[in-house]
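Heads up, the thing below is written out as structure tokens.
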Amino acid sequence: MSEKPAIAFLGLGHMGGPMAINLVRAGYSVAGFDVVPAALEAAKAHGVPIAASPAESVAGAGVVLTMFPSGQHVLDAYRGTDGAPGLLATAAPGTMFLDCSTINVDEAREAAALAVEAGHRSVDAPVSGGVVGAEAGTLTFMVGGEEDDFDAVRPLLDVMGKRVVHCGGHGGGQAAKICNNLILGVSMIAVSEAFVLGEKLGLTHQALFDVASNASGQCWALTTNCPVPGPVPSSPANRDYQPGFAGALMAKDLKLALNALQSTGVAARLGPLASEIYDTFAAEGGAGRDFSGIITDIRDKSHNDRSQA
Ligand code: NAD
């Protein structure tokens with residue numbers, strides 16, 4: 001792969017738009033495409049060259065980068081739908097297929113197998129860091145793929161992110177992402193339940209924070225994304241749970257974790273329960289709120305007869 005390969009960038013949404021802009025600013029030749037005209041216009045307004053079709057974006061590209069909502073979108077775009085040729089058939093042999101969407105591990109492995117079978121190279125590289133990280137070029141990339149393919153995509157991942165971790169073979173990036181978010185989803189519920197219990201027992205938020213943040217309860221959900229206002233001034237709880245990391249995305253990632261738990265037969269109990277809890281949270285108004293807003297759900301659904309809050 002040449003030092004600065006031409007990039008077909010498909011999926012110019014909340015994340016893909018700013019990621020494409022950063023690649024253009026770093027001097028990469030980008031041909032952007034999205035099925036939604038507004039996404040195309042927004043990227044174009046920030047200097048991203050736009051292609052008229054997926055085929056046009058892929059023509060001459062050394063890398064096909066996708067940033068889609070789901071694995072089905074990725075597989076459909078790779079294979080093509082309704083008899084139309086997909087990206088795999090349109091791209092020149094040996095093209096690097098780099099998928100940054102968050103999708104099921106099994107789907108990532110299937111997408112990689114299809115790409116390799118079609119004579120291409122493939123890497124999965126889901127991200128964390130949200131829209132703020134996408135705009136600032138400070139995302140974390142969790143990467144699955146062959147060593148030399150990882151080395152080949154690393155320079156452009158370095159443009160869009162500040163941490164790039166090779167997690168193993170195909171699907172390894174997705175695996176690392178959902179395992180991390182399984183920890184995060186469960187730990188936020190635990191921290192939230194502890195704060196609500198503390199309220200009932202007459203503890204101030206600050207007292208519980210001062211103890212737990214310096215004791216064995218310490219975790220990111222507590223010390224960075226603290227679900228109550230006050231102890232951590234930068235946490236979303238201080239701005240009425242504006243995300244941050246939206247409840248809809250946590251619900252999505254835990255569904256992917258649940259699928260993987262089921263397909264691998266892990267005897268997990270908290271993961272499935274957390275998935276159910278965030279599904280309900282998202283369905284009952286939490287989809288657009290930070291996932292730490294789960295504490296308001298727990299508080300609202302608690303019995304108030306002995307509350308000291
Ligand atoms: P988004 O819905 O804003 O963007 C996805 C874009 O893909 C849309 O503009 C859509 O029109 C486009 N698209 C779908 N099918 C297409 C096709 N065949 N060709 C071209 N464009 C197509 O979603 P997002 O928030 O940008 O998230 C993208 C991915 O990143 C998701 O998998 C999400 O889980 C993951 N992610 C998001 C965040 C976040 O904070 N938003 C954080 C980490 C990871």
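Computed from heavy atoms alone, side chains included, the values below leave out hydrogens, waters and symmetry copies. Quantities reported herein were computed from a predicted structural model and do not represent experimental measurements. Counting convention: from 1, in listed order, for ligands and their atoms alike.
For ligand 1, the polar-atom distance check against F68 finds a nitrogen or oxygen pair separated by under 3.5 Å. By the 3.5 Å distance cut-off applied to N or O atoms, S128 is not counted among the residues near ligand 1. Taking any N or O of D34, backbone or side chain, at least one lies under 3.5 Å from an N or O belonging to ligand 1. For ligand 1, the polar-atom distance check finds no N/O of H73 at less than 3.5 Å from any of the ligand's N/O atoms. The distance criterion of under 3.5 Å between nitrogen or oxygen atoms is not met by K177 with respect to ligand 1. Residue F245 has no nitrogen or oxygen atom sitting less than 3.5 Å from a nitrogen or oxygen atom of ligand 1, judged on distance alone.
Residue G13 holds the heavy atom nearest to atom 4 (O) of ligand 1 of all those in G13, G129, G11. For atom 2 (O) of ligand 1, the nearest non-hydrogen atom from the set G133, P69, G32, A39 comes from P69. Taking only non-hydrogen atoms, the option from M15, H14, M67, K252 nearest to atom 5 (C) of ligand 1 is M67. For the residues L249, V35, V131, D253, the heavy atom positioned nearest atom 39 (C) of ligand 1 is part of L249.
Using a 4.5 Å cut-off on side-chain heavy atoms (C-beta onward), K252 and T102 make contact.
Other residues, nucleotides and ligands place no more than 12 heavy atoms under 6.0 Å from the NE2 atom of H14.
Hydrophobic clustering (ILVMFWY, side-chain heavy atoms < 4.5 Å, transitive): V30 and F33 are in distinct clusters.
Using a 4.0 Å cut-off to heavy atoms of V127, the atoms of ligand 1 that qualify are 43 (C), 44 (C). Listed by atom number, the atoms of ligand 1 under 4.0 Å from S101 heavy atoms are 32 (O). Interface of V36 with ligand 1, defined as ligand atoms under 4.0 Å from a residue heavy atom, comprises 11 (O). Ligand 1 places these atoms under 4.0 Å from at least one heavy atom of G130: 40 (O), 42 (C).
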Residue pair D210, Q206: steps toward the side chain to side chain donor-acceptor pair (under 3.5 Å) verdict = CA-CA 6 Å; D210 288 345; Q206 193 63 49; 3.0 Å; yes

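Looking from atom 35 (C) of ligand 1 to the surrounding protein, the closest heavy atom is T102 OG1, 3.5 Å.
Within a 4.0 Å radius of atom 15 (N) of ligand 1, the protein contributes one or more non-hydrogen atoms.
Between the CG atom in L10 and the SG atom in C100 there is a gap of 11.5 Å [rounded to 0.5 Å]. Atom CG of L208 and atom CG of L201 lie 10.0 Å apart (nearest 0.5 Å).
Ring-plane geometry between Y278 and F291 is classed as tilted, the angle between the planes lying from 30 to 60 degrees on a 0 to 90 degree scale. The aromatic rings of F97 and H120 sit tilted, their planes meeting at an angle between 30° and 60°.
Note on ligand 1: Q72 sits outside its first shell, no heavy atom being nearer than 4.0 Å.
Minimum interatomic distance between T224 and S235 (heavy atoms only, all atoms of both residues): O-CB, 3.6 Å.
Donor-acceptor pairing under 3.5 Å is lacking for the side chains of H170 and E146.
Remark: D290 does not engage R239 in a salt bridge, criterion side-chain N to carboxylate O under 4.0 Å.
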